[in-house]
Each structure stands twice: as structure tokens, then as C-alpha cells.
Amino acid sequence: MPRENRSPVLVPVLGDQLTRDLASIWGRTKDDTVILMMEVWDEATYVRHHKQKIALIFSAMRHFAAELRDAGWQVDYVRLTDPDNAHSFTGEVARAAERHEPRAIRVVEAGEWRVQQAIEEWPDKFDCPVEILTDDRFISSIGEFREWAEDRKTLRMEHFYREMRRKTGLLMEPDGKPVGGEWNYDQQNRKPPKGEMDAPERPLFEPDAITNEVIALVEEKFGDHFGSLDNFGWPVTREEAELAADAFFEERLGKFGDYQDAMVHGEDDLWHSMLSTSINLGLLDPLELCQRAEAAFKDGKAPLNSVEGFIRQLIGWREYVRGFYWHFMPGLQTDNALDAHRPLPEFYWTGETEMRCMADCVRSTRDNAHAHHIQRLMVLGNFALLAGLDPQQVQDWYLVVYADAYEWVELPNVAAMILYADGGKLASKPYAASGNYINKMSDYCKECTYSPSIKTCEGACPFNPLYWHFMHRHRDRLESNPRIGRIYSTWDRMGEQKQAEYLDSAQEVLDTLEPAGKGWARGQ
Ligand SMILES: Cc1cc2nc3c(=O)[nH]c(=O)nc-3n(C[C@H](O)[C@H](O)[C@H](O)COP(=O)(O)OP(=O)(O)OC[C@H]3O[C@@H](n4cnc5c(N)ncnc54)[C@H](O)[C@@H]3O)c2cc1C
Ligand code: SF4
């Protein structure tokens, strides 16, 4: 029987869809719509997320529900502690369908493959029409990326990025050329840290009553998860996120480019925007941010290398990894092209290691549920690659520990960018580096137990022998790679004794790695 016209349309809004511009809300009238928001156990527990990540998402959801109600929307909000909580999105939508008898369900596609699989079963499960809408918060739809990727031999981000520049018109001249004459100013964005780094502090937002209630809930239910809640100061509303963006544009965008790859002990944010949590939740619109950055350049308030770098991260990398994820799922989850099986070491959780760079990155991760890009890539990720850590354990770690981590963005960065587990579909070569790189781009090595200039044996920076061990064990695959293959002539010139020293030193490092105890990422 068709439902009466008086019954409402049910609009489930997922935890990372927190905007009134969402395609499923847009154009609806308040008196015949019920917005359903759900805190469900399956999502909160499928990995043992960092405590700040759970607190952030639930607090932002509760604030968004309040904002909608204040604006006159009818919101049905299911709390985690609801005794009848159905544990899954599908279970909650089924319960809501009983309560409201909707004439239709209208939902925006999920960010994560796992959730989307569940949503695609809804049309068969519920006895009303289910409309699944494209998430138009992204500039490129999943279909557009597919079209772009099909028939291409290589899927380099740079080519995709140029398409996105043309599509958005960002930093484009009227004649179709890029502003400044170049598409990419990355070469100018690699200044090492020198002297006093006087990066302004980002605003931290004092938890209000809603956030404090959520923090108490997280301590009670997830108290043994990784991470600390002490520093919680993430924006949890659109208003706060906009204040955080204002502070970035006014105080940090100028030097964002120059020091994008720099790392300084104890300086966790530097000139990074720290906006990923807000963007991924839906509190900020990435296109609007890019337009603001472009305006800052046009007004002479920020240099081109910073502005282009920021825009490239958003309409280039962010859009690209999202398209890449959907193009290669579900296989991306289990790819292991380098046949890596070493368990994740315990120090990824405890930070207890003499490697000063690793210890600092884990500390920032634990305290802030954040580490900046180059720490994720060239310290934590580089070690995982060189040591041959198991991709699924590394993926779990990154998904658990960062407040901005959703599988669509985490997985391509981990499996493809840092681990080369996809066999090179994303990156033209593995991002492998010795201690020299970290020494050049950070101040970590100055006070480390190890020395980046010692290559093997006593006192050697572990990244040095591990680098050659990695190159040696993957020679068959990498020697013919034009971007990295030449390194083997250096290796061959070393002679057998030096080579043996490198390999023995690396083996010593690998033998000392204590595997993580069970239960940090999954299970009890
Ligand atoms: C191994 C690894 C795992 C990562 N996991 C995540 C993750 O789970 N979630 C996440 O949002 N980002 C992830 N990133 C990308 C990047 O590290 C973070 O987006 C960034 O550190 C967030 O801090 P920020 O907002 O200060 O970024 P900024 O340095 O200020 O950059 C601006 C914005 O660009 C976007 N961006 C930059 N680089 C990337 C990228 N490689 N992929 C996608 N978006 C990008 C982000 O939205 C970011 O907010 C990962 C990178 C690596 C190497
Ligand atoms: S010497 Fe090596 S281990 Fe120590 S901080 Fe430098 S790169 Fe890291």
C-alpha cells in the first residue's frame, strides 16, 4: 500500500554529513521531513578509535542536531546509550521507519565503502522508495573520477589536479593557462626549519556542556582506547570551524607553502591549516576554502606558492584519493604488492622508542589525534614501508589514531601512498627515504640517540640501513623504475662488505621490533 502523502520523508544524516547544504536536506520542507541522526555502536567500535575522534564526531553531531532543531527542523536523534540502540545504521533506519512510517527515505551516499554496501540494501529492506543521492560536497563525483581513470595507463594526481583547476577555474587565467605560468609550486614548498620557528598557535575551543557530556561518555565507554582527551579543542560547530579557518587565513596561510614539509620537535601544527577534521565532518566546504585562499592571493595577502599548495591539497589530493578509493575498492583493503607481513611494532602505540622522530610523531598523535602530513608520510609511514609492516595492521593504526580518519581518505594514503601496496597505481615510486631526509627537514636528529650520518652498526640512524634493506629486497620490482632504478648503481658500487654491513644492521633493527600487543586497534 502506498504511504499517505501526509507521512514524512525520512532523511538519515550520517556523522560526517553535518551541513544544511547536504543534497538530501536541500530543497526539503521542514514540515514533511524527519531528519534522523544516529550514534551507533558498530560505527563507534568497528575499530578502537582514538578517544578524541569519537568525542569529536558525537559532539559535532549533537551540536548539528541542535542547530537543525533551532532552525525548525524535526530531528530524531538516537543516542549511543539508548537502551534500544540497534547498533547499526540499517537497524536504526528500520526502527525509525516504524516510528515515522515515512513515504520515502532520502540519503546521501556514504563516504565509506562498508557503509555504502549497507545503504544499497535499503531499497530491498524497506517498503518505501529509497533515494540514494550523490555527495555533491566533492568537486568530482565518483563517476567522473572513473571516467577520467578509465583507459589511462597511469593515474597521477598531477593530471587529475589540472582537470580540477580547469573545472573550478581556481588560479586560472582567462586564456586557460595557470596563474603564474606553472601548475604546481611544490619545489618552493620544501624549506627546512631554520632558527626560531614562530608559528602562531591555532585556536583551541573550550568544550561546552554538550562536548563535556560526550567526553564523559567516551571516558566511560571507551576509556581504554588509545589517546588522550586532555587537549580536546577541535571545532565542533560550523561557527567554530569558521573561526579556525579565519585564524588560518589571517595568521598561517602566508607561510603554509614554505614550511609545508618542515618538522619541529614539540611544534605540532606549524603553519598547517588544522582544518581536516572540520572539512571531513562537513562543517567547512573545501571549495569555499579554496576560493578564500585564491582571494587572499589576489589581495596580495598570501604568496602563490602557499595558495597553490593549499588549493592542490584540497582539489588535488583530497579529491583524487577519494576517487581513487572508490575506483579500487574493495581490493585496496587487501592489496599487498610488496608482500609485507611484519607486525606493527608496539612503539606505534606507546611512543617508547629511542628514535626521536618516531617518538615525537606518536606523542603528537596520542595527545592531539593529529600529526601533520609529512610526519604521517615521511616518518611514521616511511618507517612502516622500510620495515615491511603488514598493510592491514598499518591501515588499522592510521584509521584508529587520527581524528580526521575516514576510510575513504585514510586507506589510499596508507595502502597506496606510504606502503606502495597497490603496486604503484598511485605513486610513481615508493616514498622511501633514509635518515638524511628527516635530518634535512626537521630538528629531530640533533638530540636523537642515533645519528643520521652514521650509516651502519653502533649509533646508526635505523632509517639508514633499513633504506638499503628495502631497496635490496625489492630490487626485482624497483630496478626498472626510471625514478628510482639508478639507486642500484650506488648499491652495486658499495661492494659486498659494505652491503653486508647495511643488511646486517637492518636485520638487527628489525629483530628488536617488539610486535604490538593484541587489542590496540581491534577487539578487546
Ligand atoms: C599515511 C597518511 C594518512 C593520512 N590519513 C588521512 C586521514 O585519515 N584523513 C585526512 O583527512 N587526511 C589524511 N591524510 C592527509 C593529510 O596528512 C591530512 O589531511 C592533514 O595532515 C590534515 O591536517 P591539516 O588540516 O592541517 O592539513 P593541511 O596541511 O593544512 O592541508 C590542507 C588540507 O588538504 C587536505 N589534504 C592534504 N593532503 C591530503 C591527502 N594526502 N589526502 C587527502 N587530503 C589531503 C586536507 O583536507 C587538509 O585539511 C593522510 C596522509 C598520509 C600520508
Ligand atoms: S637520527 Fe634517525 S631515528 Fe633519530 S631522529 Fe633522526 S631520523 Fe629519526
Side-chain angles (χ1 to χ4, degrees), residues 16 53 111 157 189 202 244-245 248 252-253 256-257 259-261 263 265 268-281 284 286 289-290 293 306 309-322 324-325 353-361 368-385 394-395 397-419 426-427 431 433-454 459-464 466-467 509:
D16 59 353
K53 182 179 174 188
M157 191 288 293
N189 291 1
R202 75 174 144 129
F248 170 66
R252 303 203 300 285
L253 176 64
F256 170 84
Y259 294 112
Q260 210 176 337
D261 288 0
M263 297 176 279
H265 190 267
D268 298 337
D269 311 342
L270 292 174
W271 280 272
H272 291 274
S273 71
M274 306 299 284
L275 297 178
S276 55
T277 57
S278 303
I279 300 168
N280 293 350
L281 282 169
L284 292 176
L289 293 172
C290 290
S306 280
F310 181 69
I311 289 176
R312 176 160 27 89
Q313 303 312 312
L314 283 168
I315 67 167
W317 278 112
R318 186 170 185 273
E319 293 284 331
Y320 170 86
V321 297
R322 193 253 185 168
F324 187 95
Y325 170 78
T353 164
E354 297 292 317
M355 290 182 276
R356 193 164 180 258
C357 53
M358 293 291 284
D360 191 53
C361 293
N368 308 319
H370 193 275
H372 61 75
H373 184 69
I374 215 71
Q375 296 174 314
R376 296 188 204 192
L377 178 67
M378 295 309 294
V379 177
L380 298 156
N382 186 25
F383 189 90
L385 172 76
V394 182
Q395 284 155 210
W397 185 81
Y398 277 93
L399 189 59
V400 164
V401 300
Y402 293 117
D404 59 20
Y406 301 85
E407 194 187 67
W408 67 265
V409 53
E410 167 273 323
L411 185 58
N413 273 299
V414 173
M417 193 183 302
I418 64 167
L419 297 180
L426 182 144
Y431 281 89
S434 68
N436 275 345
Y437 175 88
I438 297 172
N439 188 31
K440 188 174 136 213
M441 295 310 299
S442 77
D443 69 349
Y444 287 139
C445 306
K446 278 186 209 147
E447 289 176 37
C448 183
T449 310
Y450 305 108
S451 165
S453 57
I454 305 179
C461 164
F463 285 87
N464 290 338
L466 284 178
Y467 174 81
V509 174

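Each ligand, and each atom within it, is numbered from 1 in the order the structure gives.
To the nearest 0.5 angstrom, His265 atom NE2 is 9.0 Å from Cys361 atom SG. Between Ile454 atom CD1 and Cys461 atom SG the span is 10.0 Å, to the nearest 0.5 Å. To the nearest 0.5 Å, atom CZ of residue Arg376 and atom NE2 of residue His373 are 9.0 Å apart.
Side-chain atoms of Leu377 and Asn382, non-hydrogen and from C-beta on, never get closer than 4.5 Å to each other. The side-chain heavy atoms of Val414 and Tyr398, taken from C-beta on, include a pair separated by under 4.5 Å.
Ring-centre distance between Phe256 and Trp271: not below the 6.0 Å cut-off.
A salt bridge is absent between Asp268 and Arg202: the closest approach of a Lys/Arg side-chain nitrogen to an acidic carboxylate oxygen does not fall below 4.0 angstrom.
Smallest separation of non-hydrogen atoms from Ser306 and Gly257: OG-N, 2.9 Å.
The aromatic rings of His370 and Tyr402 sit perpendicular, their planes meeting at an angle over 60°, well past the 30° parallel limit.
Ordered by chain and number, Cys357 SG make up the set of protein N, O or S atoms under 2.8 Å of atom 8 (Fe) of ligand 2.
At a 4.0 Å heavy-atom cut-off, the residues surrounding ligand 1 are Phe256, His272, Ser273, Met274, Leu275, Ser276, Ile279, Asn280, Phe310, Gln313, Leu314, Trp317, Arg318, Val321, His370, Ala371, His372, His373, Arg376, Leu377, Tyr398, Asp404, Ala405, Val409, Glu410, Asn413, Val414, Met417, Ile418, listed by chain and number.
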